[in-house]
Amino acid sequence: MIFSVERQRALQAFQVPLTEGDTVLTTLLYIHENLDSTLAFRHGCRTGKCGLCAVEADGKTRLACQTTVVPRMVIGPLSRLPVLRDLVVDRRRFFDQLSRHQLYLAKQQFCLGSHRFYPESRQFCQDDPYSSLPQFGVIKEPAEHHNLMACTECLCCLAACPRYDWEDSSFGGPYLFVKLAQLHFDPRNTTDRRKQARELGIGECAECGKCYCPNGIAIYKTAIRPLSGHK
Amino acid sequence: MACAFSFAQGEYLCGKPLPEHTGKEESHTATNGHTGENGFDVVCIGGGGAGITAAVAAAARGAKVAVIAKEPAGYGDTRISMGNMVFPGLADGDSAEGFLSDLRKSGEGLEDPLLARIMAEGAPLATAILEEYGHIFTRDEEGRLSAKVLGRTGGHSFARTVTSGPAGGVPIGQVLRAAAARAGVTVFEETVACRITTESRRVTGVVCFDLPGGTSFFVPAAAVVIATGGIGSLYYPHTDCARGATGDGFALAYEAGAELVDMEQVQFIPFAFTHPGAFLGLYCGEPALAGPAGVLRNRDGKMILEGVSRLNRAEVVRAMARELVGGGGTGYGGLLLDLGPNLALPGGRDLWRAMRDRGQLDLVRKAYGEAACRWEEPWDVAPTAHYLMGGIKVDASCESTLPGLFAAGQAMGGVHGGNRLGSVSLAELFVFGRIAGEAAAERAAERTVERAAGFDRTARPDRAGVGLNPAGLNLQSAGKGIGAPGRYSPMALQRELQKMMWEEAGIARRAAGLENALQALAGIEKKLDDLCIPPGSVYNTGVLDAIELRFMRITGRLIAVSALLRKESRGAHFRLDFPECDDRHGRKRIVLWQEEGWMRFREEGAP
Ligand SMILES: Cc1cc2nc3c(=O)[nH]c(=O)nc-3n(C[C@H](O)[C@H](O)[C@H](O)COP(=O)(O)OP(=O)(O)OC[C@H]3O[C@@H](n4cnc5c(N)ncnc54)[C@H](O)[C@@H]3O)c2cc1C
Ligand code: SF4
Ligand code: SF4
Ligand code: FES
């Protein structure tokens, strides 16, 4: 079977065997092991959980480990993101975004009971506020929060969004809106996430729904609409 | 180099050291655009639950902290876990003491009683820390964590597990990233720790390789926390662990001069897929999955194990290992897990439906089809490498035997002894991650005082005496360097090593096989001098493969030597030539370390 990979904008074809159940990931691994160990791609879990293996398969954003391979398939890196090498896009900027946009809850208060904690160990934690059993408060988790937290951060939605461009910071992009919506629906959140979303250009979203999520998150419905206030 | 391995058992017994490769080094000038002038108080290696918790805890103590993560931050096994976390004391009649007694029972005498106690008493704190980071465990209708929401996992005498819903560890991975960002710690993503430097047996820093940039650099550190997770990838594809679980931390600690304990205790989960290729090794279930009536059969349909769900992981794996070694395996190298008998029981259908609704049968449907998914056909299953109970030997403050070097999470050894109970690992990450982070911050603070008093021993790159070859490899193993023609592909050698580990140091071990394994590892070591690493600096995965190969070889050797030394079957360690647990000579912990380039060992009475 012929299997092609886009490398630095040029397509390279590989002749690979096809066995039943093979995925794009097993094929990439086959190439890396047997044909060309310079082929660069990410993966982690082989089971759809880590989101690191996201690529474009015949132009569609997909998780390589969850996509059955077919003859003459063409694999490329995610569009609209800076490519480091072969199928690897630069992910580091997304960590910086977390601090830049405060994509976290404010520090929570622990309510403490009285419970001894590792009595025999060295005493360096004696004055520690955590050193007793915490009491757990009531948290009513909205269904939206639960669904949105299934985001594997695979970045497929960014690659699929016609409006997104990593070089243009005026539009945060669907992934960032999902992160904001997670916090928006968290009962412990104290920051105005809608305001943040507006500042990050959610108003420019074309409502086209092209931000397909391989993990089944209805991005427009559960993240963008509640943040933007669109009906 | 002449390999002076001798595999006569007597040699191990009289403590004669084994030679260890001491490698030659080339010195290069550091091209370091990454670190601040003074380095860091605490450097945490690993960006899973343990590494990030340690970093956040150290930062809360005022330390200047960096996280070095081979993957993006917030990944590792933590992210692909099921998100189940032990929470003792919530169910009626349950208590920390009850949990401790379960821990100690399952440890088969190898657990460290103090660490186990810290684990048992600290467990609820883990849930609190993680929720404080932003996670929400499944709660009851009133929004509380109560007995109603608890799940039951194998080996626990009570239902005492809080759960995370179908996405499992995915939300946990996200909130770990958030916690690191909130704490303001410096994060080096996709950066591999290659070596921990020391001076007069004190930690001075970490030599790193930056994968996207293709450069090596040195991070000075007053204290280092190893939180690099496990060893699953030494058994690839027979593992359900993340790709990065290549045992780096054990090799890093060993080379730095710290002690390791009970490295032979590799936990295998009994039920993983055996085919098709894309599924091989992936998790399909715990013993509990078998339900009240599920049984294991061999290739001929003969029943080899009943009451599966009442046994722990090790017991089931051992029964399977015996049958597989005896030739009872299927063409796929597995056994048949027959859940059909459950359907005939009252409530059997409900059990099935509950499992389906929890999504536990989705992968089964994909791999084995509809009938298997409905329990009408048996599943072809084999054990898969999951977790290492042994690891870096630490005291109650998570400090190793090398001052300033700490370990937390799966990288540390001794909490679980010979078996790990389900859902305890995630809790240990937060309990011990926090202790390690705080203790490391304290160590660093002590050293700051020393510095002020004129005892500055913190190494600078030029004083560290390490080669900073951009290959990241010539750091210690030779290798001709990037782009130079060499004979051996690192990836091919990795696959060779993994196959050998699975066959000789896997679920059933014997002296001859382990000696073969050691021979093979020595062979691989020689080939490290003649690697073919493709050219290119940016994201050159060939370099990563080579660095990991080197770590896998060292850690593989630690596992194999420890397995050879333990001449009994205990916990997860099953010796075909010593099938019984040997209590006559007392319970022994096996401790390994390196001294002047030699591997040394000692047997310690279990505490
Ligand atoms: C499929 C699966 C399901 C599981 N489910 C559960 C569960 O429900 N409950 C439970 O309690 N336990 C579970 N476990 C076990 C548990 O998830 C792990 O033991 C735990 O997450 C390990 O955490 P850690 O922080 O020690 O390591 P990890 O989370 O594995 O993180 C280690 C990190 O260190 C990095 N690293 C490694 N080497 C280097 C290096 N040289 N330089 C820099 N970085 C490095 C890795 O890339 C990784 O990011 C599960 C495990 C698996 C595989
Ligand atoms: S709906 Fe908005 S965010 Fe989604 S693809 Fe369209 S423009 Fe992008
Ligand atoms: S929302 Fe979906 S597509 Fe976007 S990053 Fe998350 S999991 Fe990927
Ligand atoms: S490898 Fe983890 S999602 Fe594909």
Pair count under 4.5 Å, heavy atoms only, with chain A: among B:Ala181, B:Gly173, B:Gly76, B:Ala167, highest is B:Ala181
Do the non-hydrogen side-chain atoms of A:Gln108 and B:Glu131 ever get within less than 4.5 Å of each other? no
Rounding to 0.5 Å, atoms CG (B:Asp362) and OG1 (A:Thr47) come to a distance of 10.0 Å
Cut-off 4.5 Å, heavy atoms of chain B, and the answer for A:Glu20 is backbone
Cut-off 4.5 Å, heavy atoms of chain A, and the answer for B:Ala180 is both
Of A:Asp90, A:Val88, A:Asp86, the one forming a side chain to side chain contact (heavy atoms under 4.5 Å, CB included) with B:Tyr539 is A:Val88
Of B:His275, B:Glu71, B:His135, the largest count of non-hydrogen pairs under 4.5 angstrom with chain A goes to B:His135
Q. Any side-chain heavy atom of B:Arg139 within less than 4.5 Å of one from A:Glu141?
A. no
If one checks every heavy atom of B:Thr127 against chain A at 4.5 Å, the contacting part turns out to be both
Correct closest heavy-atom pair for B:Ala178 and A:Leu103 would be CB-O, 3.7 Å
Honestly, the part of B:Pro237 sitting under 4.5 Å from a heavy atom of chain A is both
Assert top hit (heavy-atom pairs under 4.5 Å, partner chain A, pool B:Ala242, B:Gly277, B:Ala60, B:Ala179) equals B:Ala242
Honestly, the part of B:Arg177 sitting under 4.5 Å from a heavy atom of chain A is both
